[in-house]
Amino acid sequence: MLSKAYDPKPVEAKWAETWQKERLFISKPSAEKKPFVVVIPPPNITGALHIGHALNNTLQDVLIRYQRMLGHEAYWVPGTDHGGIATQNVMEKQLKAEGKTRHDLGREGFLARTWAWYEECGGTILSQLRKLGCALDLGKDNVRFTMDKPRAKAVFETFRSLWEKGLVYRGERMINWCARCGTALSDIEVEYEDEKSKLWHINYALEDGSGEVIVATTRPETMLGDTAVAVHPEDERYKEMTGKKLKLPLTDRLIPLVADEGVEKDFGTGAVKVTPAHDPLDFEIGQRHNLEVLRVVSYEGRMVNCPAKYEGLSVQQARKEVVQDLTEAGLLAKEEHYKHSVSKCYRCTSHIEPLVSEQWFVKMKDLAAPAMEAAEKEKVKFYPSSWKKPFVQWLSNIQDWCVSRQIWWGHRIPVWYCRSCSGDGLKFDEKGGLSRVSFSDGALPIVSQDKPAACPKCGGHDLLQDPDVLDTWFSSALWPFSVFGWPERTKELDYYYPTSVLVTGYEILYLWVARMVMSGLEHMGRVPFGQVYVHGIVRDKHGKKMSKSLGNTIDPLVMMEKYGTDALRFSLMAQTMGGRDIPFSEESIVGGRNFVNKLYNAARFLQMYLPETPAPLKAEKPAELADRWIKERYSAALKTSKAAMAEYDLPKAQDALYTFAWDEFCDWYLELAKPRLQGSGKDGVLALALELFTGTLKALHPFMPYVTEELYASLKGYLPEPGGYLLNERWPEIPEAGEGATAAMRELMDVITQIRVVRSQFEIPPGKLIKALAVSSDDGALARLKDASGYVSLLAKVEELAIGRDLSKPARAVSAISGAFNIYVPMDGTVDLEKEKGRLAKELEKARADGEQCARRLEDRTFMERAPKAEVEKIKARSEDCGGRIDRLTKILEELR
RNA sequence: GGGCAGUUAGCUCAGCGGUAGAGCAUUCGCCUUACACGCGAAGGGUCACAGGUUCGAAUCCUGUACUGCCCACCA
């Protein structure tokens, strides 16, 4: 005999290995079958999978397995992402623990080490995905990496093509600089956070001594880089002074007071200090007024180009010093508390320094236009659809994309420079390596993936590659076609592109999804996927974001160990309603674990009655009520589940099967089957139970692959058509079924429930067999109950059930009403009259209230005239029913007196 | 400052035009020969608020409040 509780560990290990060994998940282009393709959002090789990955990949796995079982050529393409800055940060942290920096290893050494890390970490991630049950073929030939050879080729081809179209350019612009990561970031890689700070009011005196201008700022240290003060042209307070010079405090510089539309009159003092090098708005003002761009913060985040006393200080230190010096000089007019949003690096949460820098950019407007159209016309359709609007809006406000990163790990920018032709445009670090490139200083680009043999202009051989690498999202943007070998025209590309659906969390909708849509349209001429399934973020049970620093993370691997993979998957799925964030906690996994156990025990129950040597059992057309009923319920559950899948409502699809399996199949059908399994009808019951249970296992397989595979394997020998792995089986056929048995069962189930209520309320010991009477004036109902009286005896533990029209209530009996029946349960001892009256009176009260409500509506002329006929009929029937109940209850109550 | 979502039982959420539902938690009774990771039963909600549409509103419309998220150069 199998153990009472399901032990997932050995089962999961066995099937995970078998599935991979059999290469069950591999796909080949097939002329006969329709492809269903999903490309995995490639996890960064930064460490272990987290709970968000577990959710994301469970959703994809469900879709893939489901589509396969529908008979489509379902292909889920596996891979990992090199993860640019994120991965480099992980490596640098490792090095730091060894007391080293990447510069100790040098660029090549650092890259070699990171590649080794990729081998290790990439493998770990893939094995974790396998553990999650993902239907991903992890054969070496099938797993992609955003930095492997074919993907590198795609990246180069993209860069080359954009360059030729003039869509990629190098220019000096305001960018977001993370001094800690030592690189520029794109606008969407910056996060904003409210911080408590101060608003300092600084006194700038006019050169001619005729007055002063007070400016308000949150960044006093940048005043050292001010090259003007600006006011609104219409501002009466400053009209007279505009054009005059101001003395810049703490320095000996003079700066002009300019008038600019960009200044808000009503904010602060109406005067802004202008630091074109370190503020986006100031940069614009600077451009309009031809102001000098004076950089006072270096790439290292230290003060430069300023009075010696501040030189080399960090921004924070400089702020303190400047404020103190201004105070001492009596130039600090005011200091007020102020809350404002500051920009932070999305990779390391350090403060971002906006600064002007020469970088590579991709021109976005022309790329965004077709993507907007695709979203608007739903060539790319969002689930839930509410994402369409923000998606389109984001595209419509798009800015050029800064794609160069001053890090080492990533696709090197495929541009080379000839040392002799590029002149001053190339800057070198102390070790003689190329550190910066400036087109404005004369650097001449040669676009090439590999080192060109010679400079096409001068024939020189001293060629150096641009030191920067591309934003990691540059290669991710190509993923839906680069995975199939683009730019090669492969047969995979032909067959699988465009892919079917992309499954992702909303946090990377712009970072990733939008860029894939744009790239797909630009390079392939077609959207990369027709549908986007957007899910939320897994949060802790209080709705807080999970983070290591808060200590509220849930490790999916630990949970899989503890509760089983199916349990984790089921529970995540159950809570991912509506595409919103998912509050998750360890407790919520218990529900999934319990359901897995329920299925396991249902199978164990069936096995008790099956012969040891498997032989096919053929189910006959159900004749008995319970059989007809369960088949109707099965049919309804499959129908609901299938319809929900079509709308990407995965939790609903799962829930329909859950409810059927537990509440209907186990709680009612199997209970009713127990005595029949002892008698001559055994084979018929077994065959039907097996048919429906294995069908349910099939339908549940996408959600909980392990336990279903295990149970199916143990039961399939008894089926007429045993089949193989569930993944290769067809999703169950939905039997034609009406609702007749469902209605008849409902009537019966209520009788059983009413007797159970009486038992429970009058504390009849659960094991004790009782007598009961069911009285009704409805002959049809009496006949139906007579036919099924065995069910009542069984499930309400009634040893003698008298059914009739004219049976009278025995003395010392408790009464209940169920549909057309008055039910009497004789008691051994005396009946607690107060209790009995109390509950019957409560019933009566309910019936009366309901009856009155019906009556009111039936008397309402407008209701009778305007409501649909069917509705009126329903109310009439309900009203009659209430009337009957009231009469019967009143009579019973009277007799109690 | 704009946009989007949410507000239903103690908690997490379904329901989205015709008598308020689930899971968990709580209470009571059961180790009933598949399952105590279980079985049976019970309690618990003026469906945020105010108007409107409708014979009828948790469900549709308008507004208010609160919460959360996204976007935006207000120093």
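Here the structure is a predicted model, which is why all the values come from computation and not from measurement. Letters A, B, ... are given to chains in the order of the sequence lines, protein chains preceding strands, and every chain is numbered from 1.
- Dashed line: the shortest gap from a side-chain N or O of A/Arg580 to OP1 or OP2 of B/A14 is under 4.0 Å.
- Here A/Asp860 lies in heavy-atom contact (under 4.0 Å) with sugar-phosphate atoms only.
- At a cut-off of 3.5 angstrom, counting only N and O atoms as typed in the model, there is no donor on one side facing an acceptor on the other between the side-chain of A/Arg604 and the base of B/C35.
- Taking atom OH on A/Tyr506 and atom P on B/A5, their separation rounds to 14 Å, with Å as the unit.
- B/C16 and B/G56: their C1' atoms are spaced 15 Å apart (whole Å).
- In this entry B/U32 has no Watson-Crick or G-U wobble partner, no candidate having both defining distances under 3.5 Å.
- The same atom, C1', is picked in B/U46 and in B/A25; the two are 24 Å apart, to the nearest Å.
- Residue A/Asn601 has no polar side-chain atom (N or O) positioned under 4.0 Å from OP1 or OP2 of B/G38.
- Going from the P atom of B/U8 to that of B/C13 covers 9 Å, rounded to whole Å.
- At B/G3, none of the side-chain N or O atoms of A/Trp387 fall inside 4.0 Å of OP1 or OP2 (strictly under the cut-off).
- Within the 4.0 angstrom heavy-atom criterion, base atoms lie near A/Val272.
- Here the rule is salt bridge (Lys or Arg N to Asp or Glu O under 4.0 Å) with A/Lys344, and of A/Glu353, A/Glu191, A/Glu193, A/Glu189 only A/Glu193 fits it.
- The A/Ala5 side chain lies nearest to B/C37 when the options are B/A34, B/A41, B/C37.
- With B/A75, B/A42, B/G18 as the candidates, the nucleotide lying closest to the side chain of A/Gln761 is B/A42.
- Here A/Thr217 lies in heavy-atom contact (under 4.0 Å) with sugar-phosphate atoms only.
- Closest to the A/Pro583 side chain, of the nucleotides B/C13, B/G18, B/A34, is B/C13.
- A/Met704 pairs in a side-chain contact (heavy atoms from CB on, under 4.5 Å) with only one of the listed residues (A/Asp566, A/Leu697, A/Leu568, A/Leu657), which is A/Asp566.
- Taking the charged nitrogens against the carboxylate oxygens, A/Lys874 and A/Glu871 do have a contact shorter than 4.0 Å, which makes a salt bridge.
- The side chain of A/Leu670 has B/A34 as its nearest neighbour among B/A75, B/G18, B/A34.
- The side chain of A/Lys652 places no N or O atom within less than 4.0 Å of a non-bridging phosphate oxygen (OP1 or OP2) of B/G15.
- Out of B/A75, B/C37, B/C30, the shortest distance to the side chain of A/His340 is found at B/A75.
- Rounded to whole Å, the separation between the P atoms of B/U33 and B/A14 comes to 39 Å.
- Base pairing annotation: B/G17 forms no Watson-Crick or G-U wobble pair, as no partner gives both donor-acceptor distances under 3.5 Å.
- A cation-pi arrangement is present between A/Lys835 and A/Phe762 under the rule of less than 6.0 angstrom and at most 45 degrees off the ring axis.
- Partner assigned to B/C47 is none, using Watson-Crick or G-U wobble distances below 3.5 angstrom.
- Residue contacts for A/Asp667: at a heavy-atom cut-off of 4.0 Å it reaches the sugar-phosphate backbone alone, with no base atom in range.
- Checking the phosphate oxygens (OP1, OP2) of B/C39, a side-chain nitrogen or oxygen of A/Lys598 falls inside 4.0 Å.
- With a cut-off of 3.5 Å on both pairing distances, the Watson-Crick or G-U wobble partner of B/A5 is B/U67.
- Both A/Pro868 and A/Val590 lie close to RNA chain B; mapped to their nearest nucleotides by heavy-atom distance, the more 5′-ward contact belongs to A/Pro868.
- Across the strands present, B/U59 finds no partner; the criterion is a Watson-Crick or G-U wobble pair with both atom distances under 3.5 angstrom.
- Ring centroid separation for the pair A/Tyr658 and A/Phe570 comes in under the 6.0 Å cut-off.
- A cation-pi arrangement is present between A/Arg857 and A/Phe863, with the terminal nitrogen or guanidinium carbon under 6.0 Å from the aromatic centre and inside a 45° cone about the axis.
- Across all strands shown, A/Glu587 has no heavy atoms under 4.0 Å from either base or sugar-phosphate atoms.
- Not a single donor-acceptor contact under 3.5 angstrom links the side-chain atoms of A/Glu763 to the base of B/A41.
- Using a 4.0 Å heavy-atom criterion, one finds that A/Arg878 contacts the bases of the nucleic acid, with or without backbone contacts as well.
- Geometric assessment of A/Arg633 against the ring of A/Trp668 yields a negative cation-pi assignment under the 6.0 Å and 45° thresholds.
- For A/Arg593, taking side-chain heavy atoms from C-beta onward, the closest of the listed nucleotides B/C37, B/A34, B/G40 is B/C37.
- One atom, NZ of A/Lys869, and another, P of B/G56, lie 22 Å apart when rounded to the nearest Å.
- Of the two residues near RNA chain B, A/Ile188 and A/Gln853, the one whose nearest nucleotide lies more 5' is A/Gln853.
- Across the strands present, B/U26 finds its partner in B/A42; the criterion is a Watson-Crick or G-U wobble pair with both atom distances under 3.5 angstrom.
- Expressed to the nearest 0.5 Å, how far CD1 of A/Ile764 lies from CG of A/Asp828 amounts to 8.0 Å.
- Remark: A/Lys389 is in phosphate contact with B/C4, judged by side-chain N or O atoms under 4.0 Å from OP1 or OP2.
- Of the candidates B/G18, B/C73, B/A36, B/A36 carries the atom nearest the A/Lys4 side chain, counting heavy atoms from C-beta on.
- Distances from the side chain of A/Met577 to the nucleotides B/A36, B/G40, B/A14 place B/A14 closest.
- Side-chain polar atoms of A/Asp7 and A/Tyr600 form no donor-acceptor pair below 3.5 angstrom.
- Here A/Pro354 lies out of heavy-atom contact (under 4.0 Å) with every strand.
- As judged by a 4.0 angstrom heavy-atom cut-off over every strand, A/Trp662 is placed among residues touching the sugar-phosphate backbone only.
- Rounded to whole Å, the C1' atom of B/C31 lies 10 Å from the corresponding atom of B/G38.
- The residue A/Pro390 sits apart from the nucleic acid: no heavy atom pair falls under 4.0 Å.
- Applying the 4.0 Å criterion to OP1 and OP2 of B/A75, one finds that A/Tyr338 has a side-chain N or O inside that range.
- Within the 4.0 angstrom heavy-atom criterion, only backbone atoms of the sugar-phosphate kind lie near A/Thr753; the bases stay farther away.
- Residue-level contact check: A/Cys666 touches the bases, meaning some heavy atom is under 4.0 Å from a base atom.
- Spacing between B/C49 and B/A58 at atom P, rounded to whole Å, works out to 11 Å.
- Rounded to a whole angstrom, the distance from the P atom of B/G29 to that of B/A34 is 25 Å.
- The gap from the C1' atom of B/A50 to that of B/U7 amounts to 15 Å, rounded to the nearest Å.
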